[in-house]
Structure formats: structure tokens, C-alpha cells
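A quick note: this is a predicted structure, and the numbers were derived from the prediction, not measured. Position 1 is the first residue of the sequence, and the numbers go up from there. Indexing begins at 1, ligand by ligand and atom by atom, following the structure's order. We use all heavy atoms of the structure for the numbers below, so side chains are in, but hydrogens, waters and symmetry mates are not.
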Amino acid sequence: MILSVKTTGRTEMIDITEEVHNAVRSSGLEDGLCMIYVPHTTAAVTINESADPSVAKDLLMVLNQIVPWDAPYQHAEGNSPAHVKTTLVGSSELVSVQQGRLVLGTWQGIFFCEFDGPRSRKAHVRFLSAPRP
Ligand code: ZN
């Protein structure tokens with residue numbers, strides 16, 4: 001399944017937990033793994049606290065501090081900071097699925113991370129079924 005993600009800011013974290021939950025439900029997978037993969041070089045995916053939206057804001061603040069927009073980058077497109085943040089955060093997450101549900105902690109959410117928006121993006125959601133005992 002491919003999720004479409006429309007981003008509205010240059011740097012942004014979008015909670016896609018509900019969309020991934022829905023993908024698991026419609027897959028019918030009972031026991032196995034769910035992979036979320038972002039096929040972009042300036043966007044990423046991560047799992048972190050979704051209960052308090054300030055956490056995502058703080059993560060973006062720190063990423064913007066450690067990877068400044070203004071630096072002597074060589075990449076002519078001008079979006080090197082977005083490429084660097086993507087590598088720091090990563091392109092995929094793997095979440096266990098048990099009894100047809102994503103195994104996430106109480107405070108955990110899955111975030112699509114935009115680092116060079118706004119753009120129309122994709123997140124691929126794939127499943128691997130555990131062997132039956
Ligand atoms: Zn680039």
C-alpha cells in the first residue's frame with residue numbers, strides 16, 4: 001500500500017500512525033511485521049512521542065540547529081540540509097504486528113518527516129507475515 005502525504009511546510013513532522021493502522025487493518029495481517037518506507041532523498045520516517053506535539057517541534061528545532069540551512073554546502077540544488085537530515089533520521093521503520101495491531105508504546109506515533117517541502121510525498125507500507133507455528 002502507498003500512502004500519499006501532502007506536506008505544507010519546509011520542515012515538518014506529520015503523524016501518519018492512523019493511516020498505517022488502517023493499512024494494517026485492511027491488509028488482514030494478524031502476526032508479522034509492518035515496514036514503512038519513504039522513497040525520497042529529502043524526507044524520512046521516524047517513531048517518537050505523538051501524545052505531546054511539542055516533542056515533534058523540539059525534534060525539528062534540534063535538527064535545524066545541528067544541520068543549519070546556511071553552511072558551505074557543495075550540492076548545487078541548495079537543499080543539502082534536507083539530504084543530511086534524511087540520512088540522520090532514516091528512510092524506514094519496522095513495527096511488529098500482533099493480533100492484527102501495530103505494536104506501539106502508549107506514547108509512540110509514526111511520523112512522516114518532511115525536510116524540503118511543501119511537496120506531494122509517498123510512504124510505502126509493506127507487510128511480512130510471520131510463519132505459522
Ligand atoms: Zn538535492
Quick one: side chain to side chain donor-acceptor pair (under 3.5 Å) pairs with a partner in residues 99-113, sequence neighbours left out?
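Residue pairs with at least one partner in residues 99-113: there are none.
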
Which pairs, with at least one residue in residues 60-71 and sequence neighbours excluded, count as a side chain to side chain donor-acceptor pair (under 3.5 Å)?
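Checked against side chain to side chain donor-acceptor pair (under 3.5 Å) - neighbours excluded - the pairs reaching residues 60-71 are Asn64-Lys85.
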
Side-chain touch Thr86/Thr41, heavy atoms, less than 4.5 angstrom:
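Thr86 does not reach Thr41 side chain to side chain.
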
Would you mind reporting whether Leu63 and Thr11 have side-chain heavy atoms less than 4.5 Å apart?
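Heavy-atom side-chain distance check fails, nothing below 4.5 Å.
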
Identify, with sequence neighbours excluded, every residue that meets salt bridge (Lys or Arg N to Asp or Glu O under 4.0 Å) alongside Arg25.
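Residues passing salt bridge (Lys or Arg N to Asp or Glu O under 4.0 Å) with Arg25: none at all.
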
Give a yes-or-no answer on whether the side chains of Arg126 and Ser27 include a donor-acceptor pair shorter than 3.5 Å.
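There is no such pair (donor and acceptor under 3.5 Å, judged by atom type) between the side chains of Arg126 and Ser27.
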
Suppose the cut-off is 2.8 Å; which protein N/O/S atoms would you list for the Zn ion (ligand 1)?
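Listed by chain and number, the atoms are His75 NE2, Glu77 OE1, Asn79 OD1, His83 NE2.
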
